Amino acid sequence: MIVANLLLILVALVLLVLGLASGSSLMLIISIAASLLAAVALVAGARQAAANRATATPGRSGQWESAATPAAGTAAPGAPYGPPLAEPEIPVQHVPPTVGTGGGWRQPPAPPADEPSPSGAEAYDDEPDAEPMTPAEALLVAGLPDEVRVVDGRPRYHRADCAHLVGREHEPLPVAEAVELGFSPCAHCAPATALLTDQRPS
């Protein structure tokens, strides 16, 4: 089939050259017809070869197997060769939501899941330790409406006059909300002790 196609193409080229040289339109027409015939033969040959590949696939033992019973790991007829390609997973960055009215930025840092919760100096070089409190004191502080100060991305809440707030952007926040968001009291300015002292009757 390939040899016949090559001969047809060769004949078409010879006729084309002779037709152009002699100015014969008949030779040009025969050249075009031979070219079309060669193209049709090429298309038919390509389709036949594709049909032959689709009806028989090589098995693992080297024997040809029927396409109706494809060997394990081979593609079905009409399907692309090889195992199906898995779609790559696209990583999605998790952004924790902020809490507060008006789209505020009050969000204490959360430690990674495989690390313990930060305790001041372990997480930040300049972060004060957490003020020690009993569970009863923590419960009392969490119910107070008084305001404390928080710094974005830091785990402590402070009194307004705390030295740790100097040079840092901070905002007022009710202590109950600060505790709910996960902030803990600063050991340097001891806001929890000050708030509980203010609540005790004199």
Side-chain angles (χ1 to χ4, degrees), residues 1-119 122-125 127 150-155 168-169 171 173 177-178 180-183:
M1 180 66 77
I2 295 176
V3 176
N5 286 336
L6 291 175
L7 286 175
L8 278 174
I9 292 171
L10 183 60
V11 169
L13 284 175
V14 170
L15 290 175
L16 178 64
V17 171
L18 291 175
L20 289 174
S22 64
S24 171
S25 59
L26 179 61
M27 286 190 173
L28 291 175
I29 292 172
I30 294 174
S31 171
I32 293 171
S35 299
L36 290 175
L37 188 60
V40 169
L42 280 174
V43 170
R47 287 189 177 180
Q48 184 178 1
N52 289 340
R53 281 195 300 269
T55 56
T57 56
R60 292 184 178 178
S61 62
Q63 301 291 329
W64 289 88
E65 297 179 0
S66 171
T69 57
T74 59
Y81 293 102
L85 298 176
E87 294 185 8
E89 295 183 7
I90 301 174
V92 179
Q93 182 180 6
H94 174 69
V95 179
T98 56
V99 181
T101 58
W105 45 258
R106 307 172 207 143
Q107 186 71 28
D114 57 347
E115 294 183 10
S117 177
S119 60
E122 295 176 5
Y124 304 98
D125 292 339
E127 189 72 18
V150 295
V151 178
D152 184 26
R154 298 298 182 109
R168 290 186 172 91
E169 185 180 353
E171 73 166 324
L173 191 66
E177 187 176 346
E180 183 180 350
L181 291 173
F183 290 95

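In what follows, every heavy atom counts, from backbone to side chain, and hydrogens, waters and symmetry copies are set aside. Keep in mind the model is a prediction, meaning the values are calculated, not measured.
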What's the spacing between Arg154 CZ and Phe183 CZ if we round to 0.5 Å? 11.5 Å
In Å and rounded to the nearest 0.5 Å, what is the CZ to CG distance from Arg168 to Asp152? 12.0 Å
Residue list, side-chain contact (heavy atoms from CB on, under 4.5 Å) with Leu18, at least two apart or on another chain: Val14, Met27
Is any side-chain heavy atom of Leu181 closer than 4.5 Å to one of Leu173? yes
